[in-house]
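No experiment lies behind these values; they were computed from the predicted model shown. All residue numbers refer to positions in the sequence shown, counting from 1.
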Amino acid sequence: MTAGYVRSPRYWAQLSTLAAAYALVGTLSLGVMVNEGLASLVWPPSGIAIAALLLRGYRLWPGVWLGGFITNYIFSGNLTLAAVIGTGNTMEALLAFWLLRRVLASQPILDGLRSTLKFLICAVIIAPLPSATTGTLGMWAHGVLESEQLLRVFGMWFLGDLMGVLTFTPAIYLIGRRFSREFNDETLSFKAGNIEQVLLICATALVTVAVYALPSDAATHLNYLPFMLALWGALRLPLIQAIILSLLVSVIAISGTVAMLADLNRVEIIEDLTLLYLFLATQTATVLLVGAVVRDREKIAEELLKAQQKAVAASKQKSQFLTNISHEIRTPLNGIIGVTGIMLPESTSDRQREQLRIVQNSADSLLTLLNDLLDHSRIEAGKLSIDSHTFSLPQMLRDVIGLFESQAEAKGLQLRAHFSGDLPRYVVSDDTRIRQILVNIIGNALKFTEQGGITISVTQQEPPSRLDVKNDNILFSVEDSGIGIPEQSQSRIFEAFTQAEHSTARLYGGSGLGLTISRQLAEQLGGNLELKSSPGIGTRVDIVLPLRQASLNQEFSYRRTVEHRELETGTNETLVVGRHILVAEDNPVNAQVTEQMLRNLGHDVTVAVNGEMVMALWQQGFDLILMDCLMPVMDGYNATRNIRKLEREGGRRIPIVALTANAMNNEKDKCLAAGMDDYLAKPIRLHQLDSVLRRHLRHRRHTERRNA
C-alpha cells in the first residue's frame with residue numbers, strides 16, 4: 001500500500017470500522033454458541049471481511065486480521081492462537097478478493113449468471129479452505145484438539161465460513177455498491193414499495209417463524225415453504241431485496257433451530273445443523289442463481305431496447321437522407337424532363353428529336369430508379385400506405401398492357417393477353433400499386449426476352465374460404481420465353497439489389513429492386529407472388545391478389561366521377577387560356593422551365609423567388625399560384641397559411657397548387673393541411689400541369705360566374 005493512502009484519515013477510519021465490525025459480530029456469534037460451541041456453525045465475520053475488501057480494496061486486510069485476532073483472543077485467551085486464527089481469516093478474505101479480481105477482471109460481481117457462478121466457486125467454496133485449515137491446525141498445535149477431532153472440526157469450520165460468505169457477502173456487497181459514490185450503479189436499485197413486495201416480505205417472515213416454531217421433525221418437512229417464498233422473491237424483486245429476503249429466512253431458521261437444539265447431545269446437533277445449513281446454502285445459492293438469470297434477461301431486454309432505438313434512429317436518419325437526396329435529384333430532373341418535353345414538339349430535325357428522346361428516356365429511367373428506392377425504403381420502414389378505392393379492373397389492365405405494346409413491337413415480340421370472362425368489372429383496392437407490380441413484372445419479361453413473346457393472363461380463383469364471399473382472388477400470370485433463371489439463383493432474386501447473375505446485370509442493367517418491391521407490394525395488398533423459371537425456356541410469375549367487388553353505390557360513384565372527368569376534359573379547352581399564374585420557385589432552372597411550360601399552354605406568368613414575394617404579389621389579380629414548398633426567407637407552407645388567414649378576413653380564395661420535389665408519403669397531406677388545394681411532385685410533365693390547371697381554373701370560372 002502506498003504511504004499516502006496509509007496516512008489518509010479515511011483509510012484509518014475504514015480500517016477501524018472493519019476491525020470493530022468483525023470483532024463485534026464475531027463476539028456475538030461465539031456468544032450464542034451452546035453445547036460446547038457446536039450449536040452455531042455460521043461465521044458472519046468471514047462474509048463481512050470479503051465484502052469489505054471487494055468494496056474498498058485489499059488495503060483493508062489489516063482490519064480483517066485485527067478483528068479476527070481480537071475475537072479469538074477474547075474467547076481463547078491465547079495470543080499465539082488468536083494471531084494464527086486471525087491470519088487464517090485474513091488469508092480467506094485476500095484469496096477470495098484475488099480470485100474474483102482475476103476471473104472477473106472489470107466485470108461487476110453478481111451481475112449475471114457467469115459472474116455469480118464464479119463468485120460461488122471462488123469465494124464460497126475455495127476461499128474458506130485456508131481459514132479452516134489454519135484454524136484447525138492451530139488449535140491442534142496448541143493442544144485444544146485431539147488428532148481424531150481434526151477432520152470433524154475442519155468440516156464444521158469450513159461449513160461455518162461457507163455459510164457466512166454465502167449468506168452475508170452478497171447482501172453487504174450489493175448494498176454497499178448501491179450506496180457507494182465510487183460505484184453509483186443504478187441497476188442495483190431497490191424496487192419501490194408496492195402491495196406485492198410488502199405482502200411477500202410479511203408472508204415470508206410469518207411463514208418462516210411458524211415453520212421453525214414447530215418441532216424439528218415437522219419443520220424439516222415444511223422447509224420448502226420459506227424456500228418457495230424466497231424463490232418468488234428472486235423472480236419478482238431486485239437482486240438486493242431478494243438476497244435480503246433469503247437472509248431473513250436464514251436468520252429466522254438458524255435462530256429457531258439453535259433454540260430447539262440447545263439441550264441435545266453433540267451428535268444430534270451436528271447432524272441436524274449440517275442438514276439445515278446444507279438446505280439454507282442450497283436456498284441462498286438458488287436465489288443468487290435465479291436472480292442472476294433474471295438479471296441476464298434484463299440485460300438482454302435492455303440491449304434489445306437499445307438496438308431497437310438505434311434501429312429506429314437509423315431508419316429515421318435513412319428516411320431523412322433519402323428525402324433530401326430525392327429532393328436534390330428531382331430538382332435537376334425537373335429541368336431535364338421539362339426542357340426536353342418543351343423542345344420535342346418544337347424540333348424539326350429527326351436526329352435532334354431522337355437525341356431528345358434519348359435524354360428523356362434516360363431521365364425517366366433515373367426517375368424510376370429513384371421511385372423504386374423510395375418505395376423500398378418506405379416498405380422497410382413500414383410506412384408504405386395503401387390507398388384502396390374503386391376502379392375498373394378491365395380498364396386498368398388495358399392501360400397497363402398498352403404501355404408495352406410499342407416496346408414489344410420494336411423487339412419483334414408477341415404480346416398476348418387473355419382475360420377470364422368472369423372477372424369482376426369494378427373492384428376496390430389500390431390500383432396504383434397493382435399497376436406498379438404489373439409494370440415491374442411485364443417490364444422484366446420484355447427486358448429478358450429476345451424472341452418469342454409474353455403472355456399475360458388474368459383469371460379468377462376460388463376464395464380462400466367459402467365464407468369469404470366479399471373478396472375475389474384474382475390471379476395475374478405473366479409468362480415469357482426469355483433467358484430463364486437457374487434454380488440455385490431463384491431463392492435470392494427477391495433480395496434487394498440482387499439479380500440472378502452478375503453477367504445479367506452487366507448485360508441487361510437494372511437495380512435489382514423490381515421483383516423485391518413487387519413481392520413486398522403484393523404482400524402489403526394481402527396477396528403473394530411466386531416465380532417459376534427454367535434456363536433457356538422462360539419464366540412465369542404468378543401474382544394472387546384479393547380484390548373486393550365494389551358495391552352498387554361505389555360503382556355508381558366511380559362511374560359518375562369518370563363521366564364528370566371526361567366531360568371536364570372535353571369542355572374546358574377554352575376556359576383556361578390566357579390566365580395569370582404566379583409561380584413561386586427559388587431554383588432559376590425550375591422557374592424558367594415552369595414559366596416556359598405555362599406560356600406554351602397559353603398563360604401569363606409572374607415568378608416569385610420566396611414566400612415573402614408571394615405575399616407581396618398574390619392579390620394582384622392572379623388566377624392560381626404554383627407554390628414551391630422549400631424556399632428561402634419564407635417557405636411555401638407558411639406563405640399558404642398566411643394567404644388563407646388573410647382570405648378568411650374578407651379576401652377571395654385563390655387556388656394554390658404545391659409544386660415540390662419532396663415525394664415522400666406524407667408530403668401531400670402536409671401540403672393540404674397547410675391550405676393548398678392540390679399537389680404536383682417534380683419532375684412534372686406538360687400534360688400533368690395542364691390537367692391540374694384545367695381542374696382548378698375551371699372550378700374557379702364556375703365560382704366567379706355564380707358570384708356574379
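Between Tyr22 and Trp43, the ring-plane angle classifies as perpendicular under the 30° and 60° cut-offs.
A side-chain donor-acceptor contact under 3.5 Å links Asp296 to the backbone of Leu113. Without hydrogens or angle criteria, Thr284 side chain to Ala281 main chain gives no donor-acceptor distance under 3.5 Å. Checking side-chain atoms of Lys118 against main-chain N and O of Leu104 turns up no donor-acceptor pair under 3.5 Å. In this structure, Arg59 contributes its side chain and Leu53 its backbone to no donor-acceptor pair below 3.5 Å.
The heavy-atom pair separating Val64 from Ala93 by the smallest distance is CG1-CB, 4.4 Å. The heavy-atom pair separating Ala51 from Ile172 by the smallest distance is CB-CG2, 3.6 Å. The heavy-atom pair separating Met139 from Trp157 by the smallest distance is SD-CZ3, 3.4 Å. The two residues Ser246 and Gln283 come nearest to each other via the heavy atoms OG-NE2, 3.3 Å. In terms of heavy atoms, Thr169 sits closest to Ser46 at OG1-O, 4.4 Å. The two residues Leu120 and Val124 have their closest heavy-atom pair at O-CB, 3.1 Å.
To the nearest 0.5 Å, the span separating CG on Leu150 from OG1 on Thr133 amounts to 10.5 Å. Rounding to the nearest 0.5 Å gives a distance of 11.0 Å between OH of Tyr173 and CD1 of Ile243. Distance check, rounded to the nearest 0.5 Å: CG of Leu280 to CZ of Phe227 gives 11.0 Å. In this structure, CD1 in Ile50 is found 13.0 Å from CZ in Phe168, a value given to the nearest 0.5 Å. Here the CE-OG distance, from Met163 to Ser250, works out to 5.5 Å after rounding to the nearest 0.5 Å. In this structure, the separation between CD on Gln14 and CG on Leu60 is 5.5 Å, given to the nearest 0.5 Å.
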Assess whether side chain to side chain contact (heavy atoms under 4.5 Å, CB included) is satisfied between Leu79 and Phe69, documenting all intermediate values. CA-CA 8 Å; Leu79 288 173; Phe69 173 80; 3.4 Å; yes

Please report the C-alpha distance between Trp232 and Leu245 in whole Å, then the side-chain angles of each, then the deciding distance to 0.1 Å, and finally whether the side chain to side chain contact (heavy atoms under 4.5 Å, CB included) criterion is met. CA-CA 10 Å; Trp232 182 9; Leu245 193 65; over 6 Å; no

Check against side chain to side chain contact (heavy atoms under 4.5 Å, CB included), Trp61 and Phe97: CA-CA 10 Å; Trp61 69 263; Phe97 174 84; over 6 Å; no

Derivation of the side chain to side chain contact (heavy atoms under 4.5 Å, CB included) call for Leu288 and Leu166: CA-CA 9 Å; Leu288 286 174; Leu166 181 60; 3.8 Å; yes

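With respect to Glu302 and Arg295, a salt bridge is recorded, a charged nitrogen being found less than 4.0 Å from a carboxylate O. Between Asp111 and Lys299 there is a salt bridge, with a side-chain nitrogen of the basic residue lying less than 4.0 Å from a carboxylate oxygen of the acidic one.
Under the 4.5 Å side-chain criterion, counting only non-hydrogen atoms from C-beta, Leu145 is in contact with Thr136. Residues Ile126 and Leu95 have side chains in contact (heavy-atom distance under 4.5 Å, counting atoms from C-beta outward). Leu15 is listed as a side-chain neighbour of Tyr11, based on a closest heavy-atom distance under 4.5 Å. A heavy-atom distance below 4.5 Å is found between the side chains of Gln520 and Thr516. Between Ser115 and Ile109 there is no side-chain heavy-atom pair separated by less than 4.5 Å. The closest side-chain heavy-atom distance from Ile244 to Ile201 is not below 4.5 Å. Proximity of Val249 to Thr204: side-chain heavy atoms (C-beta onward) are separated by under 4.5 Å at one or more points. Using a 4.5 Å heavy-atom cutoff, the side chains of Leu117 and Leu289 are in contact.
For the side-chain hydrogen bond (donor to acceptor under 3.5 Å, both in side chains) with Ser131, the qualifying choice from Thr87, Thr90, Asn89 is Asn89, the only one to do so.
Within 6.0 Å of CD on Glu146 lie no more than 12 heavy atoms contributed by other residues, nucleotides or ligands. Surrounding CG of Leu304 are more than 12 heavy atoms belonging to other residues, nucleotides or ligands, all under 6.0 Å away.
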